[in-house]
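Reading through the C-alpha cells given below for one structure.
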Amino acid sequence: MKRALITGVTGQDGLYLAELLLGKGYEVYGLVRGQNNPKVEVASRIPGLKLLFGDLTDLSSLLRAVHTAQPDEVYNLGAISFVAYSWENAHLTSDVTAKGVLNMLEAVRLYSGDEPGKVRFYQASSSEMFGKVQQVPQTEETLLWPRSPYGVAKVYGHYMTINYRESYGMHASSGILFNHESPRRGPEFVTRKVTRAVARISLGLQQGLELGNLDARRDWGFAGDYVEAMWLMLQQDEADDYVIATGETHSIRELLEVAFKRVGIDDWEQHVTQNPAFMRPAEVDLLIGDPAKAAAKLGWTPKVGFEELIGMMVDSDLAEQRALAG
Ligand code: NDP
Ligand code: GDR
C-alpha cells in the first residue's frame, strides 16, 4: 500500500485529491493547521483520511508530519491562494506560499537521507506565474512575469522545486495548473461568487451582484480532472513540469451569461454592477494554457467542459441555498 501526505487537504484540491488517492488504495495523511478551523471538519468526514497537525511556516511540524506519515508521495497544495488578498498580506503570502515550499522540500530532503528519490514531491504551481503573458497560449517554456505578490511567491516555489530536483536529484515535479473550479471552490473566487449569487438571486434571496473586472479571461477547468493530473505526474519515471489546462479561454462576461442562463435569466446585466473595490492593483488579463505536453507524456486530457462545469456549480449552489432557506 502506497502512502501519501497532502498539505492543504482542507482546500478544494486537497479534498478531491484525498478522495482520489484513497480510491486507489493509498494510505492518506492530510496536514491541517489552526485552532477551531471549521474546514477541518469537512476533511475529517472523508472516510480513511488521517489528519496530522502542522503549518507550512513551521519546519519542525513538517518534519514531524513526514516522519509520522512515512510517505512515498508528498503533494504540497497548502498556500495562501487568494490572489486579491495577497496584496493586503504580501509578507504572509511570501512566508506561506513561497517559503512554505522551501520548508516542505527541506522536510522531505532531510527525511530522505541518502536516498533522494525516496519520496516523490508535487508542487502546486500556477498559471498566475505567467501574469503579463509573454506568449499565447502559455506553455512550460513561456517566460514568467507574475503580476501579484501571490504570483511572485509561486514563482519562488516553482524554481525552488526545480532547484531541489537539479541539486539533490529529488523526484520533484511542478504542475502549472490553470484555474480549476468545482462546487467545493471557496466563495471568494469569481466562479463560485457568481454561481452562489445566481442561485440566491433566482430564489429571491439576494438582489444583485457586485464584481470587479468583467473583461479578464481565464482558462477554467474542473478540479476533479486536475487532481488526476497531479497523481499522474508522480507516477512518471522522471520528474518534470507540466501545464495543466483546457486550452479554452472565457471572459467573466461569458461566465455570467452561462451561469444566469442556467436559471433561466437572459438579461444578466440587470443584476450585475461593477465595484472598484473588487478591481486589482495589477490584473492578469488573459490566460490560456497549452496542455499538449501533459496529453503526450501523461495521457491527460480534461473531461469536463466550461458550460458543464458552471452548470454543475449553479445546480449545487441551488441545492445548498434551498436547504439553507429551509
Ligand atoms: P484553497 O485555498 O482551497 O486551499 C488552500 C489550502 O492551503 C487550505 O487547505 C489551507 O488550509 C492551506 N493553508 C493555508 N495556509 C497554510 C499554512 N500556513 N500551512 C499549511 N496549510 C495552509 O486552494 P486550492 O485547493 O484551490 O488550491 C490548491 C493549491 O493549488 C494552492 O497551492 C493554490 O495556490 C494552487 N493552485 C490552485 C489553482 C486553482 O485554480 N484552484 C490553480 C493553480 C494553483 P486552512 O484550512 O488551514 O486554511
Ligand atoms: P484568480 O481567480 O485570481 O485567477 O486565481 P479569481 O477567481 O479570484 O479571479 C479570476 C478573475 O476574475 C476577476 N474578477 C473577480 N475575482 C474575484 N475573486 N472577485 C470578484 O468580484 C471579481 N470580479 C472580477 C479577477 O480580477 C480575475 O481576473 C485563482 C486562484 O485559485 C489562484 O490560487 C490560482 O493560482 C489561479 O486561479 C490560477
Side-chain angles (χ1 to χ4, degrees), residues 11-13 16-17 77 79 81-84 86 123-148 150-151 154-155 158 173-186 188-195 211-230 232-233 241-259 280 282-314:
Q12 170 188 256
D13 292 8
Y16 281 110
L17 181 64
L77 310 186
S81 79
F82 186 34
V83 174
S86 75
Q123 169 55 20
S125 288
S126 164
S127 54
E128 188 68 15
M129 301 188 305
F130 296 122
K132 188 174 174 182
V133 300
Q134 299 298 299
Q135 189 186 347
V136 179
Q138 295 87 53
T139 74
E140 293 79 4
E141 310 304 324
T142 302
L143 181 71
L144 305 179
W145 195 309
R147 297 265 282 172
S148 61
Y150 167 84
K154 280 288 177 188
V155 170
H158 183 68
S173 296
S174 273
I176 308 174
L177 270 55
F178 282 61
N179 298 55
H180 46 279
E181 321 292 314
S182 74
R184 285 170 166 165
R185 186 60 141 151
E188 64 273 41
F189 300 96
V190 76
T191 51
R192 186 77 197 289
K193 185 174 171 182
V194 166
T195 60
L211 292 173
N213 179 8
L214 303 185
D215 297 315
R217 302 185 72 87
R218 290 288 182 278
D219 179 332
W220 279 295
F222 172 52
D225 289 344
Y226 285 41
V227 297
E228 185 90 35
M230 297 176 187
L232 283 168
M233 282 177 222
D241 308 317
Y242 297 89
V243 160
I244 302 298
T246 69
E248 257 185 45
T249 189
H250 298 275
S251 66
I252 313 295
R253 287 176 200 281
E254 288 167 53
L255 161 68
L256 286 162
E257 198 175 310
V258 170
R280 298 179 178 182
E283 180 61 284
V284 171
D285 297 319
L286 164 72
L287 288 176
I288 177 165
D290 177 358
K293 180 175 169 184
K297 295 208 167 165
L298 305 177
W300 179 88
T301 47
K303 297 186 189 83
V304 178
F306 177 65
E307 292 208 11
E308 187 184 348
L309 169 66
I310 302 307
M312 175 203 304
M313 292 175 70
V314 172

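- The two residues Asp241 and Ser173 have their closest heavy-atom pair at OD1-C, 4.1 Å.
- Checking side-chain atoms of Trp220 against main-chain N and O of Thr246 turns up no donor-acceptor pair under 3.5 Å.
- Distance alone, capped at 3.5 Å, places no donor-acceptor pair between the Lys297 side chain and the Met233 backbone.
- Expressed to the nearest 0.5 Å, how far CD of Glu257 lies from CD1 of Ile310 amounts to 12.5 Å.
- A donor-acceptor pair is defined here as one N or O able to donate and one able to accept, closer than 3.5 Å; no such pair exists between the side chain of Asp219 and the backbone of Leu287.
- The closest donor-acceptor contact from the side chain of Gln134 to the backbone of Lys132 lies under 3.5 Å.
- The backbone N or O of Phe222 sits nowhere less than 3.5 Å from a side-chain atom of Glu181 that would complete a donor-acceptor pair.
- Shown here for Leu143 and Phe130, the closest heavy-atom pair between the two residues is O-CD2, 4.2 Å.
- One finds the OH atom of Tyr226 at 7.0 Å from the CG atom of Leu177 (value rounded to the nearest 0.5 Å).
- Of all heavy-atom pairs spanning Phe178 and Ile288, the tightest one is CE2-C, 3.6 Å.
- Side-chain atoms of Arg192 come within 3.5 Å of backbone atoms of Arg185 as a donor-acceptor pair (strictly under, hydrogens ignored).
- Across Arg147 and Ala282, no two heavy atoms sit closer than the pair O-CB, 3.5 Å.
- No side-chain donor-acceptor contact under 3.5 Å links Asp290 to the backbone of Thr139.
- Salt bridge Arg253/Asp215: present, at least one basic N to carboxylate O contact under 4.0 Å.
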Would you check, one step at a time, whether the test side chain to side chain contact (heavy atoms under 4.5 Å, CB included) holds for Gln138 with Val133?
-> CA-CA 8 Å; Gln138 295 87 53; Val133 300; 3.5 Å; yes

Taking it one step at a time, do Met230 and Leu77 satisfy side chain to side chain contact (heavy atoms under 4.5 Å, CB included)?
-> CA-CA 10 Å; Met230 297 176 187; Leu77 310 186; 3.9 Å; yes

Before giving the answer on side chain to side chain contact (heavy atoms under 4.5 Å, CB included), spell out for Leu256 and Leu211 the whole-Å C-alpha distance, their side-chain angles and the decisive distance to 0.1 Å.
-> CA-CA 11 Å; Leu256 286 162; Leu211 292 173; 3.9 Å; yes

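- Taking NZ of Lys293 as the reference point, atom CD1 of Ile244 lies at 10.0 Å (rounded to 0.5 Å).
- The CD1 atom of Ile176 sits 11.5 Å away from atom NZ of Lys154, with the distance rounded to the nearest 0.5 Å.
- The minimum heavy-atom distance linking Gly221 with Leu309 is given by the pair O-CD2, 3.3 Å.
- The backbone N or O of His180 sits less than 3.5 Å from a side-chain atom of Gln12, completing a donor-acceptor pair.
- Asp225 contributes a side-chain N or O that, together with a main-chain N or O of Val304, makes up a donor-acceptor pair within less than 3.5 Å.
- In terms of modelled atom types and a separation under 3.5 Å, the side chain of Glu140 and the main chain of Val243 share a donor-acceptor contact.
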Do Glu128 and Ser148 pass the side chain to side chain contact (heavy atoms under 4.5 Å, CB included) test, and can you show the C-alpha distance, the side-chain angles, and the key distance before you say yes or no?
-> CA-CA 8 Å; Glu128 188 68 15; Ser148 61; 3.3 Å; yes

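- The pair Arg218-Glu283 meets the salt-bridge criterion, since a charged nitrogen lies less than 4.0 angstrom from a carboxylate oxygen.
- The closest side-chain heavy-atom distance from Ser127 to Asn179 is below 4.5 Å.
- The two residues Asp13 and Ala223 have their closest heavy-atom pair at OD1-CB, 4.0 Å.
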